[in-house]
Amino acid sequence: MVLRLVLGVIYTAMALGQLAAFGEMPEILGAYDVVHGAAARALAVLLIAGELGCGVWFLARPRSAALAPVAAYTAVSLVWSALAVQGYARGLTVDNCGCFGAHLAQRLGPAVLAQDALTLLYAALLLRGVRVARREHSDRTRSDRSIDHDGTAKARTR
């Protein structure tokens, strides 16, 4: 639950920072030399929507076992990580990683790669948590059912 709250704050702040600098986001994303123009603007919209969606959900429902916010978090983390790894591997000079839009700029380097690696580790932990929660729910549901004398499953009353 604490991880979801912390990630909720971070990803909501990321989305708000990018929204505040939305006009600059295509240029910031273009520095990674993967997308430009309308494609960069579309990517910015998708990243912001994913960050805001999972961030607000994590803050509003930190105990939720829903897959949707975890999937959105994972997708956004994968995109940012892929941009950073390919940019760093190609030796690109990226003065602002773009995570917070034009705010809190960080130069692409080992520190950004380490942060991205952590987001992927957290994604794995969140995905595992959803899987475990669903399995436990399924086990509880199964144990709450009994077989009636005619062989049909009947929900047990408490």
Side-chain angles (χ1 to χ4, degrees), residues 1-140:
M1 181 176 100
V2 173
L3 178 60
R4 286 173 177 257
L5 289 171
V6 170
L7 294 175
V9 168
I10 293 169
Y11 270 51
T12 301
M14 286 171 61
L16 294 176
Q18 292 167 28
L19 274 173
F22 187 74
E24 298 171 59
M25 284 305 294
E27 181 181 338
I28 291 169
L29 292 171
Y32 290 100
D33 202 25
V34 175
V35 292
H36 300 283
R41 186 172 305 282
L43 179 59
V45 168
L46 291 173
L47 287 169
I48 292 167
E51 291 160 357
L52 196 56
C54 74
V56 169
W57 192 313
F58 287 166
L59 290 171
R61 301 192 61 208
R63 295 184 190 273
S64 170
L67 179 60
V70 173
Y73 171 84
T74 302
V76 167
S77 297
L78 283 168
V79 170
W80 280 116
S81 297
L83 287 171
V85 167
Q86 69 80 35
Y88 189 78
R90 292 172 44 202
L92 297 178
T93 300
V94 178
D95 292 325
N96 179 3
C97 69
C99 296
F100 292 92
H103 312 284
L104 301 174
Q106 292 183 79
R107 186 177 188 88
L108 179 59
V112 170
L113 295 176
Q115 292 165 10
D116 286 339
L118 282 174
T119 66
L120 296 177
L121 172 64
Y122 300 151
L125 292 173
L126 291 170
L127 288 167
R128 182 181 181 280
V130 167
R131 191 178 74 239
V132 167
R134 287 185 171 196
R135 186 178 329 121
E136 288 174 356
H137 176 75
S138 175
D139 290 346
R140 276 195 313 270

**Request:** Can you run down the salt bridge (charged side-chain N to carboxylate O under 4.0 Å, His left out) pairs that involve residues 89-105, sequence neighbours left out, and say none if there aren't any?
**Result:** Asp33-Arg90, Asp95-Arg107

**Item:** Gln115: side chain to side chain donor-acceptor pair (under 3.5 Å) partners, not counting sequence neighbours
**Value:** Gln106

**Message:** Quick check: do Leu29 and Leu83 have side-chain heavy atoms less than 4.5 Å from each other?
**Reply:** yes

**Asked** How far apart are the C-alpha atoms of Leu7 and Leu126, what are their side-chain angles, what is the distance that settles it, and do they pass the side chain to side chain contact (heavy atoms under 4.5 Å, CB included) test?
**Response** CA-CA 11 Å; Leu7 294 175; Leu126 291 170; 3.8 Å; yes

**Request:** Measure the spacing between CG of Leu5 and CZ of Arg63 and express it to the nearest 0.5 Å.
**Result:** 9.0 Å

Using atom types as modelled, flag every donor-acceptor pair under 3.5 Å from a side chain in residues 40-59 to any protein atom, sequence neighbours excluded.
residue : atom : partner : partner atom : Å
Glu51   : OE1  : Gln18   : NE2          : 3.1
Glu51   : OE2  : Gln18   : NE2          : 3.2
Glu51   : OE2  : Trp80   : NE1          : 2.8
Trp57   : NE1  : Ser64   : OG           : 3.3

**Asked** Is a donor on one side and an acceptor on the other found under 3.5 Å between the side chain of Asp116 and the backbone of Ser77?
**Response** no

**Asked** Roughly how far, to the nearest 0.5 Å, is CG of Leu127 from CG of Leu67?
**Response** 7.0 Å

**Item:** Qualifying ring-ring contact (aromatic ring centres under 6.0 Å, His included) pairs with a residue from residues 87-131, counting only residues at least two apart or across chains
**Value:** none

**Message:** Can you list everything that forms a ring-ring contact (aromatic ring centres under 6.0 Å, His included) with Tyr73? Sequence neighbours excluded, please.
**Reply:** Tyr11

**Item:** Verdict with reasoning, Leu104 to Cys99, per side chain to side chain contact (heavy atoms under 4.5 Å, CB included)
**Value:** CA-CA 8 Å; Leu104 301 174; Cys99 296; over 6 Å; no

**Message:** Can you pull out every salt bridge (charged side-chain N to carboxylate O under 4.0 Å, His left out) where at least one residue sits in residues 3-27? Sequence neighbours excluded, please.
**Reply:** none

**Message:** For Ala21 versus Ala102, what's the shortest heavy-atom pair and its separation?
**Reply:** CB-N, 3.5 Å

